[in-house]
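Within every chain, numbering begins at 1; the chains are lettered A, B, ... in the order of the sequence lines, protein sequences first and strands thereafter. Treat the numbers as computed from the prediction; the structure is a model and nothing was measured.
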Protein chains: 2
Amino acid sequence: MLVYTQSVDRALQKLTACGIRPTAQRVQIAALLLSADQHLSAEQILASLGARGMHVSKATVYNTLNLFAASGLIRQLSIDGERTWFDSNTAAHYHFHDVDGGELIDVPVPDVEFSRLPTIPDGMELAGIDLVIRVRRKQAEAA
Amino acid sequence: MLVYTQSVDRALQKLTACGIRPTAQRVQIAALLLSADQHLSAEQILASLGARGMHVSKATVYNTLNLFAASGLIRQLSIDGERTWFDSNTAAHYHFHDVDGGELIDVPVPDVEFSRLPTIPDGMELAGIDLVIRVRRKQAEAA
DNA sequence: TTCCTTGCAAAACTTTTGCATTAAA
DNA sequence: TTTAATGCAAAAGTTTTGCAAGGAA
């Protein structure tokens, strides 16, 4: 339980550092998300908490995830229109998306280089770059 | 009405070319979408048809858009998790997304150059690259 | 006829909201 | 004690589905 205790402690610190009141539910959700670089849906988080015997209501899960995203503690991803994904890795990075399995894999920033980017429209400024590289299982070639 | 007649004709041709039975509803939806490079939601298409006095049911609009997307006649975009956008431009291109107004603007392929891309995971192949450049209205600087 | 498409309403899902209750500062 | 967070159920929004009726081949 050492690892778990550590991630609860770290979660508590992070929430406090962001000026978010560290309620029991928020600490649990933060501990779960921040235990690794991962992509989770609200439903998955609800289920994980439930599996660990911690009941948190659906409304609170959503409210909390939105709060965390607004505070920059996590990042929201629009990958497939099915649902929102919450990414615990807030450092700049990109994604592979397995269109068959739905899986998301991080792509580190240094693995992508832009030698040319479009001019930002007048009166606008850059807010971020989302790059999703869709991949699929390779078809077996005819022998 | 010349322009409109033309786009209906073109829509009919395209549907036939794709092996899609050109029913009245499908032709109307295709004519609307394919009249220009644009990004429309299912609800907008439903409203546009209604405004022109053509009634098409919501179910048919969704069924048709999904059919068109599966046939490669249009492209589905996951931009913001709110809803799916249907892009009438199926040529490769990228997007600016105005995070304030929600507007989408096409970015032509030659405006972006990748000098480095990550290695595709083993057993996978590239299926596509979605690039969304988020922009926001520039803050007025202090005078 | 036979098969496919349409339309309506209802269902399914994800996400948000209203409000009484509870917990935190 | 005062303010903010939680939980529940209900609502809202988008998209899908079941099924009867209609249309094309």
query = Checking side-chain contact (heavy atoms from CB on, under 4.5 Å) for the pair F68(A)/R26(A): CA distance, chi angles, key distance, verdict?
reply = CA-CA 9 Å; F68(A) 286 2; R26(A) 289 173 178 173; 4.2 Å; yes
Pair K58(A)-V61(A), side-chain contact (heavy atoms from CB on, under 4.5 Å): steps then yes or no = CA-CA 5 Å; K58(A) 186 180 287 196; V61(A) 169; 5.6 Å; no
ask   = Given V99(A) and M124(B), is the side-chain contact (heavy atoms from CB on, under 4.5 Å) satisfied, shown in steps?
value = CA-CA 10 Å; V99(A) 295; M124(B) 297 274 168; over 6 Å; no
inquiry  = Apply side chain to side chain donor-acceptor pair (under 3.5 Å) to residues H93(B) and D87(B) and explain how you reach the verdict.
reply    = CA-CA 11 Å; H93(B) 67 284; D87(B) 192 339; 2.9 Å; yes
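Picking from dT16(C), dA25(C), dG7(D) the nucleotide with the shortest atom distance to the side chain of T60(A) gives dG7(D). When each of dT6(C), dG7(C), dA25(C) is scored by its nearest atom to the side-chain atoms of T64(B), the top-ranked nucleotide is dT6(C). Each of dT16(C), dA5(D), dT15(C) was ranked by its minimum atom distance to the side chain of R83(A); first place goes to dT15(C). If you check dT16(C), dA5(D), dG7(D) against the side chain of N66(A), the one that comes closest is dT16(C). Taking every side-chain heavy atom of A59(A) into account, dC8(D) is the closest of dT16(D), dT15(C), dC8(D). Which of dA25(C), dT6(C), dA24(D) sits closest to the side chain of R21(B) comes down to dA24(D). Looking at the side chain of T23(B), the nearest of the listed nucleotides dT5(C), dT6(D), dT15(D) is dT5(C). In the set dT14(D), dA5(D), dA25(C), the nucleotide with an atom closest to the side chain of R26(A) is dA5(D). Nearest nucleotide to the side chain of N63(A), out of dT15(D), dT17(C), dT16(C): dT17(C). The V56(B) side chain lies nearest to dG7(C) when the options are dT17(D), dG7(D), dG7(C).
Straight-line distance from the CD atom of Q25(A) to the P atom of dA4(D): 17 Å, rounded to whole Å. Going from atom CE of M54(B) over to atom P of dG7(C) covers 13 Å, rounded to whole Å. Put simply, CD on E82(B) is 14 Å from C1' on dT15(D), counting in whole angstrom units. Residue K58(B) contributes atom NZ, which lies 9 Å from atom C1' of dT15(D) at whole-angstrom precision. One interatomic measurement links the two molecules: CD of Q76(A) to P of dT14(C), which rounds to 16 Å at whole-angstrom precision. Going from atom CD of Q28(B) over to atom P of dT5(C) covers 17 Å, rounded to whole Å. The separation between D80(A) atom CG and dT14(D) atom C1' is 14 Å, rounded to whole Å. When the P atom of dC13(C) is taken as reference, atom CH2 of W85(A) falls 16 Å away, rounded to whole Å.
The aromatic rings of F114(A) and Y94(A) sit perpendicular, their planes meeting at an angle over 60°, well past the 30° parallel limit.
Distances shown here put a side-chain N or O of Y62(B) below 4.0 Å from the OP1 or OP2 atom of dT15(D).
DNA chain C is contacted by both H55(B) and G81(B); H55(B) maps to the nucleotide lying nearer its 5′ end (nearest heavy atom per residue). Along DNA chain D, the nucleotide closest to A42(B) and the one closest to V61(A) are compared, and the more 5′ of them pairs with V61(A). Heavy-atom nearest nucleotides on DNA chain C were determined for I20(B) and for T84(A), and the one closer to the 5' end corresponds to I20(B).
No hydrogens or angles considered: a donor-acceptor pair under 3.5 Å links the side chains of D106(A) and H39(A).
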